[in-house]
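Numbering of ligands and ligand atoms starts at 1, following listing order. Quick caveat, the model's predicted, so the values are computed rather than measured.
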Amino acid sequence: MTTKTNQTNQYVNFINGEWVSAVNEEKIVNYNPANNEEVVGEVANSSEEDLNKAVRSAKTAAKGWKGRSGAERGQYLYKVADIMESRLEEIAECMTREMGKTYPEAKGETARGVAILRYYAGEGMRAVGDVIPSTDSDALMFTTRVPLGVVGVITPWNFPVAIPIWKSAPALIYGNSVVLKPATEGAVTCAKVIECFAEAGLPKGVVNMVTGPGSVIGQAIAEHPDIHGITFTGSNQVGKQIGHEALARGAKYQLEMGGKNPVIVTEDADLDLAVDATISGGLKSTGQKCTATSRVILLDGIYDKFKERLLEKVKEISVGNGMRDGSWMGPCVSERQLENVLYYIQKGEEEGGQLLAGGKQLKDDGREKGYFVEPTVFENVNSEMTIAQEEIFGPVLALMKVDSLEEALDLANDVEYGLSASIFTTNIQQMLSFIKDMDAGLVRINAESAGVELQAPFGGMKQSSSHSREQGQAAKEFFTSIKTVFVK
Ligand SMILES: NC(=O)C1=CN([C@@H]2O[C@H](COP(=O)(O)OP(=O)(O)OC[C@H]3O[C@@H](n4cnc5c(N)ncnc54)[C@H](OP(=O)(O)O)[C@@H]3O)[C@@H](O)[C@H]2O)C=CC1
Ligand SMILES: O=C(O)CCC(=O)C(=O)O
């Protein structure tokens with residue numbers, strides 16, 4: 001057995017209540033995307049054998065965990081929340097150093113993780129079923145809910161604290177045991193979250209974490225016959241592959257994938273509000289959110305004014321190491337992600353888009369060893385262009401001009417995704433048309449496209465999800481099975 005050391009951020013797998021090295025003893029070292037010479041920490045480079053061990057431990061633990069009351073399970077989650085709250089700054093700093101998000105944003109995300117834990121802790125005391133009148137007057141008929149068993153959790157790097165928690169906490173409160181495989185690029189931060197679960201003393205095997213490549217550990221989760229439910233957030237390509245595998249062996253699955261989210265700004269909108277929300281929704285976290293704004297659809301009458309104000313504010317954005325005071329935007333998470341963003345910028349120019357701001361990698365002023373890119377704004381973008389269709393996952397906004405709300409909605413819907421969308425208007429009829437006709441799982445009026453509330457259902461339409469929803473009460477639908485009971 002190996003033990004973790006907080007100071008050096010050297011973590012191994014957490015299986016059956018113990019920190020254990022991968023069977024092959026191999027490690028993955030993570031570097032700071034703001035300075036690729038700075039080691040952030042290390043995690044195990046596991047193999048299928050390690051995953052199998054974790055699943056065996058989760059399977060053994062599932063029976064006892066399911067047998068406890070919801071209130072008792074909730075007490076553990078309250079404890080995890082308290083521990084995490086006491087380590088908030090340390091966890092947030094690790095997140096900033098590992099995946100680049102600015103420190104204030106990382107603290108916000110960690111606080112959100114604490115709030116999610118408390119929300120689901122309380123869920124242990126809430127109703128789970130309904131009494132349904134039977135046609136037989138001497139019988140009692142009702143529904144109850146039972147856990148799925150072992151749940152596999154596969155998470156991305158862009159929210160290395162909030163997403164593992166918003167998937168694991170509901171899984172646990174409804175009585176499932178968990179095998180978590182975090183994204184490699186956020187795995188050290190996620191290990192700290194698991195450390196909070198370990199310190200809270202959950203029964204052995206109820207929570208397990210196995211790190212390693214998605215193509216090995218993620219794939220093995222998708223295929224494992226003893227994993228009865230899989231919850232995934234990440235790319236469409238991987239999500240669909242997992243969905244196919246889960247379906248083939250009859251496991252339940254839930255996929256949250258990409259977005260190509262629009263903001264519509266009408267002629268009567270509060271322009272300052274709309275500009276600020278477009279910047280915040282599109283560029284915070286370096287645009288690396290599935291809910292990030294990427295298409296800015298503007299009514300002709302306000303186009304020039306909006307563009308002028310937007311460009312003024314974009315110019316003021318300070319890009320730098322997320323731990324530095326005053327950095328508003330950090331680096332891309334990795335060199336691969338930076339190259340991806342630069343590829344889309346080049347493609348935008350080749351296809352006729354006009355660059356109004358940004359477009360280049362930033363390598364000066366202490367940014368030589370990081371994956372920094374300028375906040376970028378295009379105009380002359382139409383729906384046929386790649387940057388209007390594909391998820392960029394970077395700080396790139398595309399301005400598009402329209403003559404009417406109807407045209408704006410047609411354009412907003414003219415993509416394969418349907419995750420989130422927002423409109424800025426003061427006209428109630430326009431708000432109502434948007435609510436009715438916008439094909440997105442999350443529609444926001446006079447608010448930015450990003451920003452999910454933990455107590456509300458979250459998920460997308462079209463290619464953005466497997467049509468399931470997570471968070472809030474919706475989590476209950478995924479992490480439990482309904483049992484209809486007839487008693488006479
Ligand atoms: N909807 C969202 O919130 C997110 C969307 N994305 C989109 O995806 C693009 C690529 O990002 P990327 O990190 O590569 O996303 P992936 O979909 O590759 O990664 C998401 C998770 O799936 C794992 N994974 C990778 N391959 C497999 C596999 N074959 N079977 C099972 N699990 C697997 C990853 O592990 P590992 O980290 O070890 O590869 C990670 O834990 C981004 O540019 C963005 O467009 C990315 C992240 C979040
Ligand atoms: O907008 C948010 O707060 C959540 C975004 C999200 O779920 C994601 O990017 O994966």
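Counting the atoms of ligand 1 from 1 in the order shown, those under 4.0 Å from a heavy atom of R336 are 12 (P), 13 (O), 14 (O). Per-residue contacts place I163 under 4.0 angstrom from the following atoms of ligand 2 (heavy atoms of the residue considered): 10 (O). Heavy-atom proximity to G212, at under 4.0 Å, picks out these atoms of ligand 1: 38 (O). Close contacts of ligand 1 with F232, meaning ligand atoms under 4.0 Å from a residue heavy atom, involve 17 (O), 20 (C), 21 (C), 22 (O). Counting atoms of ligand 2 from 1 in the listed order, those under 4.0 Å from a heavy atom of F458 are 7 (O). Counting the atoms of ligand 2 from 1 in the order shown, those under 4.0 Å from a heavy atom of K289 are 9 (O). Shown in contact with Q219 at under 4.0 Å from a heavy atom are these atoms of ligand 1, numbered in order with element: 29 (N), 30 (N), 31 (C). Atoms of ligand 1 lying under 4.0 Å from at least one heavy atom of P213, given by number and element, are 38 (O). Atoms of ligand 1 lying under 4.0 Å from at least one heavy atom of M257, given by number and element, are 1 (N). For ligand 1, the atoms lying closer than 4.0 Å to a non-hydrogen atom of T155 are 21 (C), 40 (C), 41 (O). Here is the list of ligand 1 atoms found below 4.0 Å of a heavy atom in K181: 35 (O), 36 (P), 38 (O), 41 (O).
The protein heavy-atom contact nearest to atom 2 (C) of ligand 1 is C290 CB, 3.6 Å. The protein heavy atom nearest to atom 10 (C) of ligand 1 is S235 CB, 4.2 Å. Looking only at heavy atoms of the protein, atom 18 (O) of ligand 1 is closest to V238 CG2, 3.7 Å. Of all protein heavy atoms, the one lying nearest to atom 8 (C) of ligand 2 is C290 SG, 2.8 Å. For atom 45 (O) of ligand 1, the closest non-hydrogen atom on the protein side is E391 OE1, 2.8 Å. Ranking the protein heavy atoms by distance from atom 7 (O) of ligand 2 puts W166 CH2, 3.2 Å first. Distance from atom 4 (C) of ligand 1 to its nearest protein heavy atom, with residue and atom name: F393 CZ, 3.4 Å. Looking only at heavy atoms of the protein, atom 13 (O) of ligand 1 is closest to W157 NE1, 2.7 Å. Looking only at heavy atoms of the protein, atom 29 (N) of ligand 1 is closest to Q241 NE2, 3.5 Å.
Ionic pairing of E390 and K347 is not present here: no N-O contact between side-chain nitrogen and carboxylate oxygen is shorter than 4.0 angstrom. No salt bridge links K192 with E98; every basic N to acidic carboxylate O contact stays at or beyond 4.0 Å. Salt-bridge annotation for R469 and E477: absent, with no side-chain N of the basic residue lying under 4.0 Å from a carboxylate O of the acidic one. E105 and K284 are not joined by a salt bridge, as no carboxylate oxygen comes within less than 4.0 angstrom of a charged side-chain nitrogen.
Nearest-residue assignment for atom 5 (C) of ligand 2 (options T291, L454, N261; heavy-atom criterion): T291. Within the set P156, G214, G218, the minimum heavy-atom distance to atom 28 (C) of ligand 1 is found for G214.
Taking CG of N236 as the start and OH of Y417 as the end, the distance is 4.0 Å to the nearest 0.5 Å.
Neither the backbone nor the side chain of F393 has any atom closer than 4.0 Å to an atom of ligand 2 (non-hydrogen atoms only). Contact annotation for R112 and ligand 2: only side-chain heavy atoms (C-beta onward) come within less than 4.0 Å of the ligand. Counting heavy atoms closer than 4.0 Å to ligand 1, residue T184 contributes atoms from both its backbone and its side chain.
An N or O contact shorter than 3.5 Å is missing between T233 and ligand 2 by distance. Of the polar atoms of G451, at least one N or O is found under 3.5 Å from an N or O of ligand 2, judged by distance alone. Some N or O of Q337 is nearer than 3.5 Å to an N or O of ligand 1, by distance alone. For E185, no nitrogen or oxygen atom sits less than 3.5 Å from a nitrogen or oxygen atom of ligand 1, counting backbone and side chain alike.
The aromatic ring centroids of F478 and W166 lie 6.0 Å or more from each other.
Between L283 and W328, the shortest heavy-atom distance links the atoms CB-CZ3, 3.7 Å. When all heavy atoms of R97 and E38 are compared, the closest pair comes out as NE-OE2, 2.6 Å.
Looking only at atom types and distance, the side chain of K167 has a donor-acceptor partner in the side chain of T233 under 3.5 Å away. Defined by atom type and a distance below 3.5 Å, a donor-acceptor pair is missing between the side-chain atoms of S47 and E49.
A 6.0 Å sphere centred on NZ of K369 holds no more than 12 heavy atoms belonging to other residues, nucleotides or ligands. The environment of K240 atom NZ is dense: over 12 non-hydrogen atoms of other residues, nucleotides or ligands sit within 6.0 angstrom. Around CD of E453, the count of heavy atoms belonging to other residues, nucleotides or ligands within 6.0 Å does not exceed 12. Under a cut-off of 6.0 angstrom, the local environment of CD in Q237 is sparse, with at most 12 non-hydrogen atoms contributed by other residues, nucleotides or ligands.
Cation-pi geometry between K101 and F159 is satisfied (NZ or CZ under 6.0 Å from the ring centre, within 45° of the ring normal).
Of the listed residues (N261, T278, T293), just one forms a side-chain hydrogen bond (donor to acceptor under 3.5 Å, both in side chains) with S449, and that residue is T293.
Note: W19 and Y11 have tilted aromatic rings, judged against thresholds of 30 and 60 degrees for the angle between ring planes.
Under the 4.0 angstrom criterion, atom 38 (O) of ligand 1 counts as having a protein heavy-atom contact.
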